[in-house]
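Quick note: numbers below take in every heavy atom, side chains included, and nothing from hydrogens, waters or symmetry partners. Chain letters run A, B, ... following the sequence lines, proteins first, then strands; residues in each count from 1.
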2 protein chains.
Amino acid sequence: MRKLSENRSPEKLLKIGELAEQTDVAVGTIRYYETLELIEPTHRSESGYRYYTADAVKRVQFIKKAQSLQFSLSEIQQILGVRHQGDPACPLVRDLLDRKIAELDVQLDRIKMLKVELEAYRDRWTDRPLDDPDSQELCSLIEEVAEHTLSSD
Amino acid sequence: MRKLSENRSPEKLLKIGELAEQTDVAVGTIRYYETLELIEPTHRSESGYRYYTADAVKRVQFIKKAQSLQFSLSEIQQILGVRHQGDPACPLVRDLLDRKIAELDVQLDRIKMLKVELEAYRDRWTDRPLDDPDSQELCSLIEEVAEHTLSSD
DNA sequence: CTTGACTCTATAGTCGGCTATAGAGTTTAA
DNA sequence: TTAAACTCTATAGCCGACTATAGAGTCAAG
């Protein structure tokens, strides 16, 4: 079904450096991914050189994309790994997506709250004139925050 | 000015374990903070035991609070450190607060965008029936994402 | 005065995701 | 054929914020 590709070079194999260049990922990183079983060369020369098909480019790009979506390498390994069991990756992936989205919601809430809190400190701080006698010994904000720490947390 | 405190125990010094307990921070962590010059015992016994005044409790709590506000230990060190120069900690702190708030805005944007993207993947995925022939060989989402990776990024 | 809980220092390990280095072998273009 | 550029493995280091361990010394209650 996909063997009719119009790729005229029938099977140009890439060396690791070429794969690295095409994906804009360091050679060392690709070897590192291999130790995590995220990718594997399709072939090894007698001398041990790794050779990759064009699929590898997609795979590396997939890894990068997934990373940019906040998936850890171990989660990516799970996603890619299920493939080997000839099985339903789908529920797993859907699950991961759902969980990740939920995590993002938590992060959003947390960051919003942090922001409100920091703004409160900043505003309280800004009102206070710089030559406030309290500043004499120690920055007043530090005291303030410290004190707040004691009472509010 | 603050010597009129109604603290009846005139100067109860804490050993590191007591400080740790009162702040709910591990002993090792306190020693670690000391290596970063975030805190210092007011006194050392001949045998080398650290002794802290009650201020240390505040200081540790301040550190924890600042950490919870996303400040790194090195930023906290800056804040606490300026104190030693008998100087204007204030502009620095205001600056740090402003920068931190700006950082949070960036994080918020990023996370919102991530969420939109993840939701799009999830939805596209959910529409696709589980017995879709495309799923035969490999979870279709993986293919999809991978393909998207290629074209969109 | 002993015993158990505490403390000391120094060093190493953890996590995640790499990067860097050494030392050796391989490929490729001139 | 030679020299540059590549590749190999194995190992160590980096960041931040710790945690854990070993081996030795100290303090306080019974």
Phosphate oxygens OP1/OP2 of dT9(D): is one of them under 4.0 Å from a side-chain N or O of Arg31(A)?
no
Could you list, one pair per line, each protein nitrogen or oxygen that sits under 3.5 Å from a nitrogen or oxygen of nucleotides 24-28 of chain C, together with the distance?
residue, atom, partner, partner atom, Å
dG25(C), N2, Tyr49(A), OH, 2.8
dT26(C), O3', Ser47(A), OG, 3.3
dT27(C), OP1, Ser47(A), OG, 3.0

Atom-pair distance (OH on Tyr52(B); C1' on dT7(C)), nearest Å
11 Å
Evaluate the criterion side-chain contact (heavy atoms from CB on, under 4.5 Å) for residue pair Phe71(A) and Leu118(B); output intermediate values, then yes/no.
CA-CA 11 Å; Phe71(A) 288 95; Leu118(B) 284 177; 3.8 Å; yes
Rounded to whole angstroms, how far apart are CG on Leu19(A) and P on dC8(D)?
11 Å
Atom pair distance, as rounded to whole Å: CG in Asp24(B) and P in dT19(D)
11 Å
Inter-end axis angle, the helix from dC1(C)-dG30(D) to dA30(C)-dT1(D), with every axis fitted to five base pairs (rounded, 10 degrees):
20°
Does a side-chain N or O from Arg50(B) land closer than 4.0 Å to OP1 or OP2 of dT9(C), or not?
yes
Of all heavy-atom pairs between Ser68(B) and Arg110(A), which one has the smallest distance, and what is that distance?
O-NH2, 3.5 Å
Rounded to whole Å, please give me the gap between CD in Glu18(B) and C1' in dA28(D).
12 Å
May I have the distance from Ile39(A) (atom CD1) to dG17(C) (atom C1'), rounded to whole angstrom?
16 Å
Nearest non-hydrogen partners of Lys100(A) and Glu75(A), listed with the distance
NZ-OE1, 3.0 Å
Specify the closest pair of heavy atoms between Leu38(A) and Leu80(A), including all atoms of both residues, with the distance to one decimal.
O-CD1, 3.8 Å
Which parts of nucleotides 10-17 of chain D does protein reach within less than 4.0 Å, heavy atoms only, written one letter per nucleotide 5' to 3' as B for base, S for sugar-phosphate only and - for none?
-------B
In whole Å, I'd like the distance from the CD1 atom of Ile30(A) to the C1' atom of dT9(D).
17 Å
When the side chains of residues 14-24 of chain B are checked against the rest of the protein, which donor-acceptor pairs come out under 3.5 Å, sequence neighbours left out?
residue, atom, partner, partner atom, Å
Glu18(B), OE1, Lys15(B), N, 2.7
Thr23(B), OG1, Leu19(B), O, 2.7
Thr23(B), OG1, Ala20(B), O, 3.3

Checking Arg50(A) against Arg31(A) for the side-chain contact (heavy atoms from CB on, under 4.5 Å) test, could you report, in this order, the C-alpha distance in whole Å, the side-chain angles of both residues, the deciding distance, and whether it holds?
CA-CA 10 Å; Arg50(A) 291 164 176 87; Arg31(A) 286 197 278 245; 3.5 Å; yes
Heavy-atom distance under 4.5 Å between the side chains of Val57(A) and Tyr52(A), does that happen here?
no
Applying side-chain hydrogen bond (donor to acceptor under 3.5 Å, both in side chains) to Thr35(A) and not counting sequence neighbours gives none
Measure the CD1-CD1 distance between Ile39(B) and Ile76(B) for me, rounded to the nearest 0.5 Å.
12.0 Å
Taking atom types as modelled, find out whether Gln61(A) and Lys58(A) have a side-chain donor-acceptor pair closer than 3.5 angstrom.
no
Apply side-chain hydrogen bond (donor to acceptor under 3.5 Å, both in side chains) to Asp55(A) and list each qualifying residue two or more places apart in sequence or on a separate chain.
none
